[in-house]
Amino acid sequence: MSAVNEALIRDIVGEVLGRLGGVPAPKTSAPAPAAKADCGCNGKSHAATPGARGKFGVYADANEACAAAQESFLQLQKAGVAARVKIVEIVKAMAESNAEVWGKLELDETKIGRLDHKIEKLKIIKLVPGVEWLRPDAHSGDHGITLEEYTPFGVVGAVTPSTHSIPTLSGNIVNICAAGNAVVFNPHPSAARCAAIAVRAYNEAIFRETGIENIATIIEKPSMESFAAMCKHEAVRILLVTGGPGVVKAAMQTGKRAICAGPGNPPVYVDDTACMKRAAKAIIQGASYDNNLLCIGEKEVFALESIADKLMEQMSQNGVVKLTNAQLDALTKAAFTITPGRGGGCGHASVNKDFIGKDPIVLARAAGMSIPAGTQLLFAETDANHPFVVEEQMMPFLPITRVKSLEEGVARSLEAEHGYKHTSIIHSHDLEALTQMGRALDTTLFIKNGPCMAGLGLGGEGYLSFSIATPTGEGVSNPRTFTRVRRCVMVDNLRIY
Ligand code: NAD
């Protein structure tokens with residue numbers, strides 16, 4: 001049987017089994033099948049029918065998903081670095097070629113964000129670093145040669161958010177597998193269906209090209225129980241969680257090493273040395289992206305009193321609509337539930353999930369106003385204690401607060417960031433302000449004079465990842481994040497000079 005026919009038959013079998021198992025066959029485009037890869041398995045792997053086991057990585061049971069990933073890690077170890085390179089190539093190519101279909105699937109399932117940006121987030125997976133990041137470090141001297149190599153852990157247990165399900169999953173596979181690991185995903189329940197479709201499509205193509213099965217597995221119906229089972233499984237060596245405070249806390253309590261890409265509430269400070277037009281455009285670009293779902297997105301602005309009006313004028317000139325106080329009050333009532341504090345004290349506001357990632361028109365309706373078609377963002381002047389400032393609200397609305405000085409701007413920013421150490425942004429050409437803000441905020445990303453996405457190599461220098469490890473300190477994740485450094489020492493010999 002020719003390689004092409006064999007692949008075709010596998011596709012059909014996979015499709016039928018997928019439909020029977022509840023995960024619909026993806027209408028995806030995969031790279032054309034290459035000549036049959038010599039994967040070194042002597043036909044053993046090919047003898048098994050993928051689809052019958054785990055439906056190309058999609059598992060009902062967490063323990064089975066972890067065990068399959070462990071088996072896959074062993075296959076990848078045997079297949080070597082060339083197979084890792086191939087896997088990275090496949091994931092990047094498929095994320096791009098399926099961007100329209102998968103972007104729509106994700107939006108249909110989660111109902112948050114914007115289609116154009118859902119598509120773009122998949123097209124840029126090609127910017128995530130791969131195997132080239134794993135060059136060993138060498139020491140050479142009178143006593144020989146020492147090599148420090150970046151080696152895999154085995155299986156990584158990963159949690160993905162609802163805000164960017166397939167992009168996070170795809171970028172994680174690139175980083176994790178480039179480093180020689182396999183991965184098991186416990187995705188967000190409200191974005192699990194699209195995630196399973198992508199996992200299945202990746203596995204089909206990876207099996208066809210490399211003979212390796214189940215390099216990324218996924219728990220089809222994720223729950224707190226499946227999260228606990230994944231974390232507990234002996235094959236899972238480390239965790240990568242991308243999400244809010246709850247899951248970060250839960251991961252840190254498992255006893256396993258957890259790389260945590262946690263929540264943010266990025267403040268922006270603008271002073272009188274900034275270019276107002278450039279600042280306004282950058283703030284709009286970042287805060288409106290995917291309806292402000294990005295964890296790095298501009299969430300509140302502190303503007304120096306002397307330029308606050310100019311900044312707001314520039315925002316209005318660039319298609320953003322300002323709310324009156326009455327409209328702001330109406331929107332706040334709809335977007336938050338305020339629980340009064342004890343004895344009439346300061347209460348707590350929790351975000352109404354119905355408004356997260358929704359289009360500006362939905363927010364405008366709640367504010368009792370109409371806005372021109374194509375409006376990307378709304379804004380209003382608020383005080384520094386307003387729920388829109390304090391909470392990570394993830395809506396296309398931006399609160400702007402006046403501050404009297406650099407010191408007040410920095411102090412307010414620090415307060416709003418809640419010590420997440422995630423992202424902060426400044427628009428200024430005053431070296432003192434840039435330095436003070438950078439030192440005081442102490443965030444993982446600190447962006448000067450650009451939109452938030454410049455912090456991930458999109459308009460600034462650097463590389464991309466959708467998992468920015470903030471409380472645990474690994475930073476913008478990359479293949480080295482998922483490696484163990486091992487030292488190999490040759491005493492007295494092999495130094496050739
Ligand atoms: P979320 O915290 O609701 O969910 C994230 C994941 O954690 C989901 O898979 C969810 O099922 C799981 N989860 C939640 N609570 C849990 C618990 N107690 N135990 C086990 N699992 C639990 O987050 P979301 O709404 O999907 O995503 C938005 C949040 O993620 C925001 O706070 C955002 O800042 C953050 N985020 C951070 C990064 C980063 O790189 N640092 C990237 C994207 C999103």
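Whatever order the structure lists them in is the order used to number ligands and atoms, beginning at 1.
Judged by distance alone, the side chains of Ser477 and Ser467 never bring a donor and an acceptor atom under 3.5 Å apart. Side-chain contact annotation: Asn291 with Asp359, donor-acceptor N/O pair under 3.5 Å present.
At distances below 3.5 Å, not a single donor-acceptor pair connects side-chain atoms of Asn181 with backbone N or O atoms of Pro152. For His386 (side chain) and Phe388 (main-chain N/O), a donor-acceptor pair under 3.5 Å exists by modelled atom type.
The ligand atoms of ligand 1 that sit less than 4.0 angstrom from a heavy atom of His164 are 43 (C). Near Phe466, meaning under 4.0 Å from one of its heavy atoms, ligand 1 places the atoms 40 (O), 42 (C). Close approach to Ser162 involves these atoms of ligand 1, each under 4.0 Å from a residue heavy atom: 24 (P), 25 (O), 26 (O). Atoms of ligand 1 found under 4.0 Å from any heavy atom of Ala250, numbered from 1 in the order shown, are 19 (N). Heavy-atom proximity to Pro263, at under 4.0 Å, picks out these atoms of ligand 1: 32 (O), 34 (O). Proximity to Gly264 (heavy-atom distance under 4.0 Å) selects the following atoms of ligand 1: 34 (O). Close approach to Ser467 involves these atoms of ligand 1, each under 4.0 Å from a residue heavy atom: 40 (O).
Scanning all protein heavy atoms for the shortest distance to atom 9 (O) of ligand 1 gives Thr160 O, 2.9 Å. Scanning all protein heavy atoms for the shortest distance to atom 40 (O) of ligand 1 gives Ile468 N, 2.6 Å. For atom 6 (C) of ligand 1, the closest heavy atom belonging to the protein is Val159 CG1, 3.3 Å. Counting protein heavy atoms only, atom 43 (C) of ligand 1 is closest to Thr242 CG2, 3.6 Å. Atom 18 (N) of ligand 1 has as its closest protein heavy atom Gly246 O, 3.6 Å. In terms of protein heavy-atom proximity, atom 37 (C) of ligand 1 is nearest to Gly262 O, 3.1 Å. The single protein non-hydrogen atom nearest to atom 19 (N) of ligand 1 is Met224 SD, 3.3 Å, given as residue, atom name and distance. From the protein, the heavy atom lying nearest to atom 35 (C) of ligand 1 is Gly243 O, 3.4 Å.
Put simply, no part of Lys249 is less than 4.0 Å from ligand 1, judged by heavy atoms.
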- Message: What verdict does the side chain to side chain donor-acceptor pair (under 3.5 Å) test give for Thr160 and Thr168, after you've listed the backbone C-alpha separation in whole Å, the side-chain angles of each residue and the deciding distance to 0.1 Å?
- Response: CA-CA 6 Å; Thr160 48; Thr168 307; over 6 Å; no

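For a threshold of 3.5 Å applied to N or O pairs, the pair formed by Pro189 and ligand 1 contains no separation below that value. Considering backbone and side-chain atoms alike, Pro161 places every N or O at 3.5 Å or more from each N or O of ligand 1. Here's the thing with Thr470: none of its N/O atoms is less than 3.5 angstrom from an N/O atom of ligand 1. Considering backbone and side-chain atoms together, Cys295 places no N or O closer than 3.5 Å to any N or O of ligand 1. In terms of polar-atom proximity, His188 is counted as a contact of ligand 1, with an N or O under 3.5 Å from an N or O of the ligand.
Considering only heavy atoms from C-beta on, Ile124 comes within 4.5 Å of Phe466 through its side chain. A 4.5 Å side-chain heavy-atom check between Val156 and Ile259 finds every atom pair outside the cut-off. No side-chain heavy atom of Thr443 sits under 4.5 Å from any side-chain heavy atom of His422. You'll find the side chain of Lys86 reaches within 4.5 Å of the side chain of Ile90, heavy atoms only. The shortest side-chain heavy-atom distance between Tyr269 and Leu304 falls under the 4.5 Å cut-off. Within the 4.5 Å cutoff, the side chain of Glu213 has no heavy atoms near those of the Ser72 side chain. Looking at heavy atoms from C-beta onward, Gln327 lies out of side-chain contact with Leu378 at the 4.5 angstrom threshold.
Of the options Lys358, Met395, His164, a side-chain contact (heavy atoms from CB on, under 4.5 Å) to Ile112 is made by Lys358 and by none of the others. Residue Leu240 forms a side-chain contact (heavy atoms from CB on, under 4.5 Å) with just one option from Asn175, Asn172, Val183, and that option is Asn172.
Contact annotation: for Thr168 versus ligand 1, there are no heavy atoms closer than 4.0 Å. Contact annotation for Val247 and ligand 1: heavy atoms of both the backbone and the side chain come within less than 4.0 Å of the ligand. Of all the heavy atoms of Pro187, the ones lying under 4.0 Å from any atom of ligand 1 belong exclusively to the backbone.
When the heavy atoms of Glu392, Glu225, Met230, His422 are ranked by distance to atom 33 (C) of ligand 1, first place goes to Glu392.
Using a cut-off of 4.0 Å between Lys/Arg side-chain N and Asp/Glu carboxylate O, Lys121 and Glu106 are scored as not salt-bridged.
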